[in-house]
Protein chains: 2
Amino acid sequence: MVQIPKQPAHEPSAPRSAPTSADVARLAGVSRATVSYVLNNADAVRISEPTRRRVREAARELGYVPHAAARSLRAGHSRMVLMPAPSFPAGPLYSRFVAELQWALGRLEYTVVQYGTAGAHGDEAARAWAELRPVAVLAPASDLGPRGVEILKRSGARAVLTLGPEPVDGAHALLTDQEGVGRGATRHLYDRGRRTIGVVVPAERGLDVFSAPRLTGARQAVAGTDATVTELPLAYDEGDAARLAARWRPLGLDAVFAYNDEYAMLLMRALQDEGLDVPGDAAVIGADDLMLGRLLRPRLSTVHLELPAGRDLAALVDRAVHDPGAAPERHKVLGATVLHRESS
Amino acid sequence: MVQIPKQPAHEPSAPRSAPTSADVARLAGVSRATVSYVLNNADAVRISEPTRRRVREAARELGYVPHAAARSLRAGHSRMVLMPAPSFPAGPLYSRFVAELQWALGRLEYTVVQYGTAGAHGDEAARAWAELRPVAVLAPASDLGPRGVEILKRSGARAVLTLGPEPVDGAHALLTDQEGVGRGATRHLYDRGRRTIGVVVPAERGLDVFSAPRLTGARQAVAGTDATVTELPLAYDEGDAARLAARWRPLGLDAVFAYNDEYAMLLMRALQDEGLDVPGDAAVIGADDLMLGRLLRPRLSTVHLELPAGRDLAALVDRAVHDPGAAPERHKVLGATVLHRESS
DNA sequence: TTGAAAGCGGTACCAA
DNA sequence: TTGGTACCGCTTTCAA
């Protein structure tokens with residue numbers, strides 16, 4: 001047992017600085033090289049069992065933790081997959097998706113890091129991410145232009161994937177067909193005989209990335225028909241919903257695609273409070289298939305969205321990392337299925 | 001304009017390796033030191049304007065991005081604040097909290113990183129975090145024991161803060177009084193004349209961190225009275241809710257604190273479908289004050305929760321970082337207010 | 001079986 | 001005003 005100089009009793013936990021592999025080596029009476037071999041279970045070199053024991057013991061004793069930056073600096077690469085942390089309040093769909101992906105990438109020995117990009121935009125954000133030298137980056141297409149992709153690749157990222165409705169030059173694309181969501185919902189309303197269709201567009205910032213293409217999809221669905229689509233801005237609060245409901249009759253609408261289930265619930269309640277019958281006077285459909293929509297009366301029709309399984313996406317990332325030269329792939333990753341319940 | 005060797009046309013974006021400050025220096029015809037001075041706007045040294053220009057131009061030309069690991073290795077510290085990424089599907093409350101905190105810490109020049117700890121537990125997780133040498137760590141108290149705190153501090157973390165009902169030795173504590181939530185909700189039911197009170201405990205994994213103390217608080221609220229508290233396991237799906245509702249009369253309960261608003265909505269709907277009157281046959285109260293609870297009929301009573309403002313918490317982190325020796329502070333950070341609406 | 005030493009990319013001190 | 005250089009912590013040949 002080696003003697004460790006005791007810290008003063010009143011300050012047990014503020015050592016001058018973190019122990020390094022040199023400290024471990026000193027304490028174990030070996031060289032830093034040996035320490036590295038032992039702690040990394042290097043199989044290229046044979047280290048005697050007693051030595052291994054001494055090294056491990058010393059490391060434990062000192063509370064040694066390797067320095068990731070030093071390691072990856074030396075290695076020339078890391079296993080870090082970087083994603084920007086969402087700037088919008090993430091729904092259950094997205095947070096489940098991220099959690100699953102994290103787990104799956106973890107199984108592949110990657111470390112997922114969600115980077116809190118406080119407002120940095122465009123190439124500036126890409127540069128900030130690139131400073132960490134991640135081996136892969138998965139970001140919303142809206143946060144990353146072709147130049148951003150180039151910056152990341154130049155600084156060593158072996159795979160860049162974007163998530164969004166449009167592909168970005170140079171990056172693998174996970175295509176979330178938001179237009180398809182709007183199209184599906186609106187076609188459903190049309191098929192059920194509705195002809196004057198409102199489309200809710202949230203007033204909240206940050207949601208336009210999703211709401212704009214959904215509106216576009218709605219327009220596509222009625223193009224060339226006798227039906228019309230009317231854009232309905234709506235803030236996520238009861239007052240605004242009530243105001244919109246009060247305007248319902250003058251607007252002359254007979255149906256609404258409410259962006260998602262939350263806005264749909266908000267609006268449906270306001271319409272009902274206004275004395276309107278759902279779906280008689282107004283058919284309502286949301287999106288996201290939240291559990292809560294099933295609990296309303298009438299039950300809320302919705303568009304069920306399916307994000308890819310974490311395992312599959314993790315495998316895709318892994319392949320992309322192993323073959324950085326490959327041509328960018330495009331994958332549709334947003335399965336959209338209309339669920340007709342009672343509100344439409 | 002300097003000539004750059006062209007990449008082969010079919011491989012435009014896979015340079016052998018990332019440009020370093022040495023590359024920039026070479027291209028600009030200066031030393032690495034000068035590059036560093038210029039790009040960091042070092043005010044201790046005067047660099048001529050033409051030189052600055054040449055350096056900047058070269059950096060732009062090469063798409064140079066500094067290497068964060070190398071920098072922080074040399075500096076001996078980073079500005080990284082690490083938080084574990086939530087393993088449970090985060091609610092709007094928590095994701096708003098994180099987003100706000102990220103923004104506020106960003107203003108203070110910190111970089112927030114959510115680390116995807118795939119399943120690693122206890123000290124193992126702490127060690128993984130410590131490898132990144134974050135300057136501060138903010139983690140759920142449930143993920144971090146006293147030994148974990150010690151590991152982090154030993155490896156250079158200047159501030160460790162935990163979020164949870166109980167403080168952890170050596171770390172600053174942000175005390176989320178979940179017991180108070182259960183106590184408040186249950187006392188409210190008691191005050192409204194209810195005596196046989198059910199408390200929903202989600203069957204889902206990962207939620208017990210919150211649900212256990214809420215149940216405890218409920219028990220505290222009725223201790224020494226003639227009222228009883230009954231634990232009601234409930235999975236988040238309609239079938240299980242229906243089964244529970246069917247057992248309602250035999251259970252002989254007259255009220256329920258349903259863990260949170262989502263479980264409350266689920267259960268309330270099931271109770272109503274069972275022909276029970278809310279609040280007549282069963283008073284229901286949730287927690288979290290989701291917008292959607294206000295839309296139900298009857299309107300859902302709830303416990304409004306208030307997390308601290310991101311700015312305040314960021315300031316606390318900053319203070320803790322600047323004074324690592326200070327005694328651990330304890331702050332109550334979960335304001336809980338009962339909102340009586342119509343369901344109770 | 002182990003150790004000495006080079007070097008990853010940047011920074012900052014000291015000279016020139 | 002600029003350049004040379006030591007060094008941060010770790011890995012990995014190459015020698016011993």
Side-chain angles (χ1 to χ4, degrees), chain A residues 15-55 58-59 62-79 127 130-133 135 154-156, chain B residues 15-56 58-59 62-79 130-133 135 154-156:
Chain A
R16 218 66 203 99
S17 69
T20 72
S21 76
D23 296 322
V24 176
R26 201 155 25 237
L27 182 55
V30 299
S31 74
R32 289 160 57 204
T34 305
V35 171
S36 177
Y37 291 141
V38 171
L39 297 184
N40 294 311
N41 291 314
D43 40 355
V45 208
R46 307 260 153 260
I47 306 279
S48 70
E49 196 48 47
T51 303
R52 304 183 95 92
R53 203 179 301 284
R54 284 219 313 289
V55 169
L62 293 174
Y64 170 73
V65 175
H67 193 304
R71 173 178 293 176
S72 73
L73 179 57
R74 168 65 222 229
H77 58 87
S78 74
R79 300 279 296 174
R127 232 178 313 265
E131 292 192 0
L132 295 190
R133 297 293 191 273
V135 68
R154 263 183 137 75
S155 54
Chain B
R16 218 68 203 95
S17 70
T20 72
S21 76
D23 296 322
V24 176
R26 199 156 24 239
L27 182 54
V30 299
S31 73
R32 286 168 35 180
T34 304
V35 170
S36 176
Y37 292 141
V38 170
L39 297 183
N40 294 309
N41 291 314
D43 40 356
V45 210
R46 308 259 151 261
I47 306 278
S48 71
E49 196 47 49
T51 303
R52 304 183 94 90
R53 204 179 301 283
R54 283 218 316 288
V55 169
R56 279 196 240 276
L62 293 175
Y64 170 73
V65 175
H67 193 306
R71 174 179 291 176
S72 72
L73 179 58
R74 169 65 225 222
H77 61 256
S78 73
R79 298 281 294 174
E131 290 192 0
L132 296 190
R133 297 292 192 273
V135 67
R154 261 181 138 77
S155 55

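Note on naming: letters A, B, ... go to the chains in the order of the sequence lines (proteins, then strands), and numbering restarts at 1 for each one. Given the structure is predicted, the values throughout are model-derived calculations rather than measurements.
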side-chain contact (heavy atoms from CB on, under 4.5 Å) partners for B:Thr20, two or more places apart: B:Ala22, B:Asp23

Reading 5' to 3' through nucleotides 8-16 of chain C, protein heavy-atom contacts under 4.0 Å coded B for base, S for sugar-phosphate only, - for none: BBBBBB---

Where A:Ser155 and A:Ala130 come nearest, the two heavy atoms and their spacing: OG-CB, 3.1 Å

Shortest non-hydrogen contact between A:Thr51 and A:Val30, atoms and distance: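 Nearest heavy atoms, A:Thr51 then A:Val30: CG2-CG1, 3.9 Å.
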
Worked verdict on A:Arg133 versus A:Leu73 for side chain to side chain contact (heavy atoms under 4.5 Å, CB included): CA-CA 10 Å; A:Arg133 297 293 191 273; A:Leu73 179 57; over 6 Å; no

Separation of C:dG3 C1' from A:Ile47 CD1 (nearest whole Å):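 Distance check: A:Ile47 CD1 to C:dG3 C1' gives 10 Å.
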
Sequence-distant partners of B:Ser72, side-chain hydrogen bond (donor to acceptor under 3.5 Å, both in side chains), two or more places apart: none

Partner set under side-chain hydrogen bond (donor to acceptor under 3.5 Å, both in side chains) for B:Ser78, not counting sequence neighbours: none

Terminal axes of the helix from C:dT1-D:dA16 to C:dA16-D:dT1 (five pairs each): angle between them, nearest 10 degrees: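 Taking the rotation axis at each end, their angle is 50°.
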
Residue pair B:Asn41, B:Arg52: steps toward the side chain to side chain contact (heavy atoms under 4.5 Å, CB included) verdict: CA-CA 9 Å; B:Asn41 291 314; B:Arg52 304 183 94 90; 4.1 Å; yes

Chi angles and distances behind the side chain to side chain contact (heavy atoms under 4.5 Å, CB included) call for B:Glu49, B:Arg53: CA-CA 6 Å; B:Glu49 196 47 49; B:Arg53 204 179 301 283; 3.7 Å; yes

Side chain to side chain contact (heavy atoms under 4.5 Å, CB included) between B:Asn40 and B:Arg71, worked out: CA-CA 12 Å; B:Asn40 294 309; B:Arg71 174 179 291 176; 3.6 Å; yes

Along DNA chain D, first and last positions that approach a heavy atom of chain A under 4.0 Å: D:dG9 to D:dT13

Test item: B:Arg54 side-chain N/O and B:Ala28 main-chain N/O as donor-acceptor pair under 3.5 Å: yes

Distance below 4.0 Å between A:Thr51 side-chain N/O and C:dT1 OP1 or OP2: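 Result: no.
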
Sugar-phosphate only, base, or nothing, as touched by A:Val35 at under 4.0 Å among non-hydrogen atoms: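 No contact.
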
